[in-house]
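Starting from 1, each residue takes its place in the sequence as its number.
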Amino acid sequence: MTMETVTDDYRWMARALELAKRGYYSTRPNPRVGCVIVEGNNVIGEGFHYRAGEAHAEVHALQAAGEGAAGATAYVSLEPCCHTGRTPPCTTQLIAARIARVVCASSDPNPRVAGAGVAQLRGAGITVIEGVMSAQAAQLNRGFISRMERQRPFIKIKLGMTLDGKIALASGASEWITGAAARADVQRLRAESGAVLTGVGTVLADNPSLNLRDLSYDTAGQQPLRVVIDSRLRSAPTSRIFHLPGQVLVFTASDDEAQMARLHATGAIIEPCAHSRLGIDLNAVLARLAEYEINDVLVEAGPALVGALIRERLFDELIIYMAPKLFGNTARDGFKLPALSLIDDALTLEFIEVRRLGSDLRIVLRQS
């Protein structure tokens, strides 16, 4: 393979990844995928996956290329599927179009594919190159990868807090700690998430909506699933969260059938869940959300639930919107964590990004 060929492979894969981003908010629960078909040095077809149940990126690109696909190279940001799901397998369509070469960024972590797609293409005499811009492709589909490989979604915890780590005054007043730019960015996080997770304490105290209100994000009409952790089933059926477009899912350890019926009447789904030593079994909750095909979860909750997720290391990113304000010692902390005896026992995080949003800072951290 010549240096020129390698350079072209990266060039066209970058284009495939850009195409994949066009379905960034709309493909769930499917991965984001783009495809470019090139003959010589000319693009003859391209496409991206927009919504589950509709044609995959390869199909759109092949339709655009027509008969010119024979002998061409297909650049795909994810290994082509080889099974029949909501749509037919892409491998058979690439083979039927007589594509000569396929370059894919990463293998598909779905056990129904996981290398079988590449094997099928090679078995048909197609040259396959793997791993071109694999890190970028993995970043684009980290939630899907998490669900397939860890059987739980990618978890982002969002907090709006002051410089001294407070999320509300002692009275509970918290509107608004951060400015308009930070609040708008939270809409972006909701748009890219399959579910927004909160606790019953937040539902009772703040009566939040937790829905996507910024319709400039093309989610193909999807609202994130609103998920409530409510071990004793204290949620009020009149709460705003139960009366907005989209689905509500309540995890509980209660067997109060009368309260279940009241919540069912709002359209909510009630999921029984076992207790753990720290309350409701959060590992079981996240595993169940994976079964609901949720790739990404945004946590917007109070200090107890946030603290429990951090304590059990059940998060991937901590996203803090920090306002240049001080609330003082009597104000409410962002999360509850047990006291430490040794500094070495502290959870250490890695700064991924620090960016100014209006008058606030957005700080993104991951476990190091």
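Side-chain contact, D230 with S235: a donor N or O sits under 3.5 Å from an acceptor N or O. Between Y292 and Q247, the side chains place no donor N or O within less than 3.5 Å of an acceptor N or O (distance only, hydrogens not considered).
By the criterion of side-chain heavy atoms lying less than 4.5 angstrom apart, applied directly or through intervening Ile, Leu, Val, Met, Phe, Trp or Tyr residues, I319 is not grouped with I177; the two fall into different hydrophobic clusters. L159 and W176 are members of different hydrophobic clusters when ILVMFWY side chains are connected at heavy-atom separations under 4.5 Å. I269 and M260 fall into different hydrophobic clusters, where Ile, Leu, Val, Met, Phe, Trp and Tyr side chains are chained together by heavy-atom contacts under 4.5 Å. Two different hydrophobic clusters hold F251 and V248 under the rule that ILVMFWY side chains link at heavy-atom gaps under 4.5 Å. Residues I294 and V285 share a single hydrophobic cluster, defined by chaining ILVMFWY side chains whose heavy atoms lie under 4.5 Å apart.
Paired with L233 under the rule side-chain contact (heavy atoms from CB on, under 4.5 Å), one option of L263, V200, V228 passes, and it is L263. Here the options are D8, V38, V36, I129, the test is side-chain contact (heavy atoms from CB on, under 4.5 Å), and the partner is V103; only I129 passes.
The side-chain contact (heavy atoms from CB on, under 4.5 Å) test applied to S107 returns E79, not counting sequence neighbours. By the side-chain contact (heavy atoms from CB on, under 4.5 Å) test, Q223 pairs with N211, L212, sequence neighbours left out. With sequence neighbours excluded, no residue satisfies side chain to side chain donor-acceptor pair (under 3.5 Å) with Y25.
In this structure, D281 does not pair ionically with R288, as no charged nitrogen and carboxylate oxygen lie closer than 4.0 Å. Comment: K156 does not engage E317 in a salt bridge, judged by the lack of any side-chain N to carboxylate O separation of less than 4.0 angstrom. Ion pairing between a basic and an acidic side chain is recognised when a charged N comes within 4.0 Å of a carboxylate O; R150 and D316 show such pairing.
Nearest approach of D218 to A220, heavy atoms of both residues: OD1-N, 3.1 Å. Minimum heavy-atom separation, A64 to G45: CB-CA, 3.8 Å. Between L78 and E58, the shortest heavy-atom contact is O-OE2, 4.4 Å. When all heavy atoms of N30 and F144 are compared, the closest pair comes out as C-CD1, 4.5 Å. In this structure, Y321 and T178 approach most closely via the heavy-atom pair O-CG2, 3.6 Å. In plain terms, the two heavy atoms of K166 and D333 that are nearest each other are NZ-OD1, 2.5 Å.
For the atom pair OG1 of T162 and CE of M322, the computed distance is 7.5 Å after rounding to the nearest 0.5 Å. Considering OG1 of T252 and CZ of R234, their distance stands at 10.5 Å, rounded to 0.5 Å. Separation of atoms CG (L314) and CG (N283) is listed at 4.5 Å; rounding is to 0.5 Å. Taken from CG in L289 to CG in D296, the straight-line distance is 11.5 Å, to the nearest 0.5 Å. Atom CZ of R311 is separated from atom CZ of F335 by 12.0 Å, given to the nearest 0.5 angstrom. In this structure, CD on E353 lies 11.0 Å from CG on L361, to the nearest 0.5 angstrom.
Listed for the S146 side chain is a donor-acceptor partner under 3.5 Å among the backbone atoms of R152. At distances below 3.5 Å, at least one donor-acceptor pair connects side-chain atoms of Q222 with backbone N or O atoms of S26. Formation of a donor-acceptor pair under 3.5 Å by the Q367 side chain with backbone atoms of F315 is found in this model. Checking side-chain atoms of N110 against main-chain N and O of R112 turns up a donor-acceptor pair under 3.5 Å. Put simply, the side chain of Q151 gets close to the backbone of M148: a donor and an acceptor are under 3.5 Å apart. When atom types are taken as modelled, the side chain of S254 and the backbone of S231 share no donor-acceptor pair closer than 3.5 angstrom. A distance-only check finds a donor-acceptor pair linking the side chain of T202 to the backbone of G302 [under 3.5 Å]. A donor-acceptor pair under 3.5 Å links the side-chain atoms of R32 to the main chain of L140, judged by distance alone. Between the side chain of D164 and the backbone N or O of G328, at least one donor-acceptor pair lies under 3.5 Å. Counting only distance, with no hydrogens or angles, the side chain of R147 and the backbone of P29 share a donor-acceptor pair below 3.5 Å.
For E291, the CD atom is densely surrounded, since the number of other residues' heavy atoms within 6.0 Å is greater than 12. Few gaps surround CZ on R188; more than 12 heavy atoms of other groups in view lie less than 6.0 Å from it. No more than 12 heavy atoms of other residues, nucleotides or ligands shown are found within 6.0 angstrom of CD on E257. Within a 6.0 Å sphere centred on CG of D345, other residues, nucleotides and ligands contribute more than 12 heavy atoms. Other residues, nucleotides and ligands place no more than 12 heavy atoms under 6.0 Å from the CZ atom of R98. More than 12 heavy atoms of other shown residues, nucleotides or ligands fall within 6.0 angstrom of atom CZ in R213. Within 6.0 Å of CG in D255 there are 12 or fewer heavy atoms belonging to other residues, nucleotides or ligands. Heavy-atom contacts from other residues, nucleotides or ligands closer than 6.0 Å to NZ of K325 number more than 12.
Identified under the ring pair (Phe, Tyr, Trp, His ring centres under 6.0 Å) test for residues 28-67, with sequence neighbours left out: H49-H56.
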Donor-acceptor pairs are to be reported for all side-chain atoms of residues 113-126 against protein atoms at under 3.5 Å, with residues two or more places apart or in another chain.
{"from": "Q120", "atom 1": "OE1", "to": "T91", "atom 2": "OG1", "distance (Å)": "2.5"}
{"from": "R122", "atom 1": "NH2", "to": "V128", "atom 2": "O", "distance (Å)": "3.1"}
{"from": "R122", "atom 1": "NH2", "to": "E130", "atom 2": "OE2", "distance (Å)": "3.4"}

Only distances under 3.5 Å count here; give the side-chain donor-acceptor pairs of residues 237-246 to other protein atoms, sequence neighbours excluded, each with its distance to 0.1 Å.
{"from": "S239", "atom 1": "OG", "to": "A236", "atom 2": "O", "distance (Å)": "2.9"}
{"from": "R240", "atom 1": "NH1", "to": "N207", "atom 2": "O", "distance (Å)": "2.4"}
{"from": "H243", "atom 1": "NE2", "to": "P237", "atom 2": "O", "distance (Å)": "2.6"}

Apply side chain to side chain contact (heavy atoms under 4.5 Å, CB included) to the pair L210 and R190, showing each step before the final yes or no. CA-CA 8 Å; L210 301 182; R190 289 181 186 175; 3.8 Å; yes
Between R183 and D360, is the salt bridge (Lys or Arg N to Asp or Glu O under 4.0 Å) condition met? List the steps. CA-CA 10 Å; R183 297 195 298 274; D360 306 313; over 6 Å; no
